[in-house]
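Structure, as structure tokens:
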2 protein chains.
Amino acid sequence: MDADKVFKALGDPTRRKLLDLLCEKNGQTLGQLCENLDMARQSATQHIDLLEAANLISTVKRGREKLHFINPVPLHEVYERWVRKFERQRLSLLHDLKQELEGDNQ
Amino acid sequence: MDADKVFKALGDPTRRKLLDLLCEKNGQTLGQLCENLDMARQSATQHIDLLEAANLISTVKRGREKLHFINPVPLHEVYERWVRKFERQRLSLLHDLKQELEGDNQ
DNA sequence: ACAATATGCAGGTAAATACCTGCATGTCAA
DNA sequence: TTGACATGCAGGTATTTACCTGCATATTGT
């Protein structure tokens, strides 16, 4: 996984909306996706290119149409690498801050 | 949670490194963090400001020092909102794509 | 008090980003 | 075949971003 591509791809509301749209109905065409995005088709294409580069979606051409499918794997890897790591220490991390605020460190 | 702030904050390798550094040793000062970042202190401060705005870290002043603490809550919310949602449909999503590739849709 | 230390604040710049318009290409259906 | 349709490609621009330098402020230890 290229973490930077995945996070950068997720760091834009339009691209997160695209993922949401595909989650509601997988395999939509570019045109269908654009109906729900308030921007030019060409702009949406650029967002989709980033999502593809991050491997968050895959596309298939069917005739003159381009179908879009979510790939959930990178999201799961984000979870493994970034969420669980901090999650495991959740209580102790908060404890550190609480202790500092209480001035127990003097 | 302001999802946009959180994702934008995570969308930069320097800021992710800051979180990693704090995960190794919570409560570090600005100076300590900067020793591990190949950039000017003022640049690091700007990154930290974004992490604070996203509520991913909290800071406490102790004398002339500024201590930094991770807040794991937004990361957990990212997980709840973004990972689990797609995770739940993981198998079915891949199935959609496989079916399309095999041409079962004709 | 004062020198060293830790951080804050104010611009300034170059690169990246997110849009757009205009036009080209390829596919379908009558 | 040809017109309608779906998408691709090539630029152009305004905004945001990620850096920097220079200087100001606040705290500590001697």
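Just so we're on the same page: letters track the sequence lines, and every chain starts at 1. Just so we're clear, the structure is a prediction, and the values are computed from it rather than from any experiment.
Comparing atom distances between the A:K66 side chain and each of D:dG8, C:dT7, D:dG11 picks out D:dG8 as nearest. For B:T45, whose side chain is taken as the heavy atoms from C-beta onward, the closest listed nucleotide among C:dG8, D:dT7, D:dT21 is C:dG8. When distances are taken from the side chain of B:L50 to each of C:dT7, D:dA18, D:dG8, the shortest belongs to D:dA18. Nearest nucleotide to the side chain of B:Q42, out of C:dA18, C:dC19, C:dG8: C:dG8.
In this structure, A:D4 pairs ionically with A:K8, as a charged nitrogen and a carboxylate oxygen lie closer than 4.0 Å. A salt bridge links A:E52 to A:K66: one of the charged nitrogens lies within less than 4.0 Å of a carboxylate oxygen.
Of the residues near DNA chain C, A:G63 and A:Q46, the one whose nearest nucleotide (by heavy atom distance) lies more toward the 5' end is A:Q46.
The closest side-chain heavy-atom distance from B:L51 to B:L18 is below 4.5 Å. Two residues are said to be in side-chain contact when any heavy atoms from C-beta on lie closer than 4.5 Å; A:M1 and A:V78 meet this criterion.
Proximity of B:S43 to the phosphate of D:dC20: a side-chain N or O atom is located under 4.0 Å from OP1 or OP2. OP1 and OP2 of D:dC20 both lie 4.0 Å or more from every side-chain N or O belonging to B:R41. OP1 and OP2 of C:dT25 both lie 4.0 Å or more from every side-chain N or O belonging to A:R64. Phosphate proximity of C:dT17 to A:H47: absent, as no side-chain N or O sits under 4.0 Å from OP1 or OP2.
In this entry the distance linking CG of B:D4 with C1' of D:dT17 reads 14 Å, nearest Å. One atom, CD of B:E65, and another, C1' of C:dA4, lie 14 Å apart when rounded to the nearest Å. A straight line from CZ of A:R62 to C1' of D:dC5 spans 15 Å, rounded to a whole angstrom. What separates CZ of B:F7 from P of D:dT16 is a distance of 21 Å, to the nearest Å. Computed from coordinates, the B:L37 CG to D:dC20 C1' distance equals 15 Å when rounded to whole Å. Computed from coordinates, the B:M39 CE to C:dA14 C1' distance equals 15 Å when rounded to whole Å. Nucleotide C:dC19 holds its C1' atom 16 Å from the NZ atom of A:K17, rounded to whole Å. Separating the CG atom of A:D49 from the P atom of D:dG8 is a distance of 8 Å, rounded to the nearest angstrom.
Ring geometry for A:W82 versus A:F7: interplanar angle over 60°, hence perpendicular rather than tilted (30 to 60°).
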